[in-house]
Structure formats: structure tokens, C-alpha cells
Amino acid sequence: NTVYDCSNLNIDSIDTNTFNGLNNVRLIDLGKNQIEVLKSGTFSNLDSLEEIKLNENRISLIEENSFQNLKNLRILHLFLNSLASLNGNEFQLSNNFDSITRLDLSYNQLTKLKANQFNGLFNLYELNLYSNRLNSLEANALFGMSNLGILSMGQNNLTSLRKEFFTGISKLELLNLDKNQIESIES
């Protein structure tokens, strides 16, 4: 299997068909670039792809269907970007995104997690939301993530936690909430 290393090349955009035909690529590394938008269809039908590194870019928008039919994708690095919000369809099951086990969204600018925010990530084991600006966690934001074992939400702006936020989470082994201002936890 092949590694496609395009890290640290000052790339500021990716054309939709850039990776077409790279059927044996296992890892695409686009870290440490200047990418601002992930366009629809950027990563699609890459059967061998297991890991995508998009860390340390300027990504502020992930268009719907940016990730499509990636049946073997296990790890997605999106840390150190400029994501202020997620519209809820970036990681949908209809795009065969259910194989992912690790999603790193740390060091972004996310303020809110909406209901069903990560719908379709049934096999996700680790979700890293450390050092964002989270101040609102809607009920059922993690709904359907029955295999979630590690959740890191430290260094955010959280002041309270409601039990409805954790609906459907039964295998959680580690919950990191350090460096927040939590005043209340509803049981």
C-alpha cells in the first residue's frame, strides 16, 4: 500500500478529482498546508484509504460529501484548523463513513455540538474535541456512537453537562473535561 505525502507544500486548495484512481493509497497526508475548504467529492471511492491527515491547515468549511465511500477509513486528523461549526452532515453513514475509529477535531474553534452531530460514526472509539470553544452541548449530540471509548473535551468553555448529551454512550472509558469551568453536572 502507498503513502501519498503532500504535507508542508503550501497547498491552498484541492481539486475534486485530485485523488481519482489512487486505489492503492493507504495514507494521504495533506498536513501543514494552507487548505481552507474541503470540496464535495474531494475524497471519494478510495477503497484502500485508511488514514487522512488534514491537520495544521486553515480549513473552515467541509462541504457535504467531501468524504464519500471510504469504506476502510479508520483515522481522520483535522486538528489545528479553523472549523467554527459543523453542519451535521460531514460524517454521514450514507457516505460509508462508519469504519472510522478515530476523529481528531482538537484545536479548532467549535462552539456547539448539535443533536446527531456525528450521526453515522457507529464504530468511532476516540473523539478528540480538546481546545475548541465549546460552550453548548445539545442532547443526543453523540447519539449512535455506541462504541465511543475515549472522549476528550478539555480546555473548552463548558459550564454544565446534562445526561442527555451522553445518550447512547455505554462504553465510555475515558472522559477528559479538564480546564473547563463546569459548575453543574446533571445526573
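Just so it is clear, the values below take in all heavy atoms, side chains as well, and ignore hydrogens, waters and symmetry mates.
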Locate the shortest heavy-atom distance separating [X] from [Y]; write the atom from each residue and the value.
X: Lys112; Y: Leu134; value: N-CD2, 3.7 Å
X: Phe43; Y: Leu30; value: CZ-CD1, 3.9 Å
X: Met153; Y: Leu177; value: CE-CD2, 3.7 Å
X: Asp104; Y: Ser106; value: OD1-OG, 2.6 Å
X: Phe79; Y: Asn108; value: CA-ND2, 4.1 Å

Are more than 12 heavy atoms, taken from residues, nucleotides or ligands other than [X], located less than 6.0 Å from that residue's [atom1] atom?
X: Gln181; atom1: CD; value: no
X: Phe166; atom1: CZ; value: yes
X: Lys32; atom1: NZ; value: no

At what distance, to the nearest 0.5 angstrom, does [atom1] of [X] lie from [atom2] of [Y]?
X: Gln117; Y: Asn140; atom1: CD; atom2: CG; result: 12.5 Å
X: Glu183; Y: Ser160; atom1: CD; atom2: OG; result: 8.0 Å
X: Asn180; Y: Asn157; atom1: CG; atom2: CG; result: 7.5 Å
X: Leu124; Y: Thr101; atom1: CG; atom2: OG1; result: 7.0 Å

Can you hop from [X] to [Y] via hydrophobic side chains spaced under 4.5 Å?
X: Leu142; Y: Leu86; value: yes
X: Ile185; Y: Leu137; value: yes
X: Leu129; Y: Ile75; value: no
X: Ile150; Y: Phe118; value: no
X: Leu9; Y: Leu80; value: no

For residues 18-28, tabulate all N or O donor-acceptor pairs below 3.5 Å that involve a side-chain atom, not counting sequence neighbours.
{"unit_1": "Thr18", "atom_1": "OG1", "unit_2": "Asp15", "atom_2": "N", "d": "3.3"}
{"unit_1": "Thr18", "atom_1": "OG1", "unit_2": "Asp15", "atom_2": "O", "d": "2.8"}
{"unit_1": "Asn20", "atom_1": "ND2", "unit_2": "Asn17", "atom_2": "OD1", "d": "3.1"}

Looking at Leu54, Leu61, Asn81, which one forms a side chain to side chain contact (heavy atoms under 4.5 Å, CB included) with Leu38?
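Result: among Leu54, Leu61, Asn81, Leu54 is the only option passing the side chain to side chain contact (heavy atoms under 4.5 Å, CB included) with Leu38.
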N-O pairing of Arg74 and Glu50 below 4.0 Å:
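Looking at Glu50 together with Arg74, the answer is no, because their closest N to O distance does not fall below 4.0 Å.
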pair [X]-[Y]: side-chain heavy atoms closer than 4.5 Å:
X: Val3; Y: Asp29; answer: no
X: Phe67; Y: Ile52; answer: yes
X: Ile14; Y: Lys39; answer: no

Between [X] and [Y], a side-chain donor and acceptor under 3.5 Å:
X: Asn69; Y: Asn45; value: yes
X: Gln155; Y: Tyr107; value: no
X: His77; Y: Glu56; value: no

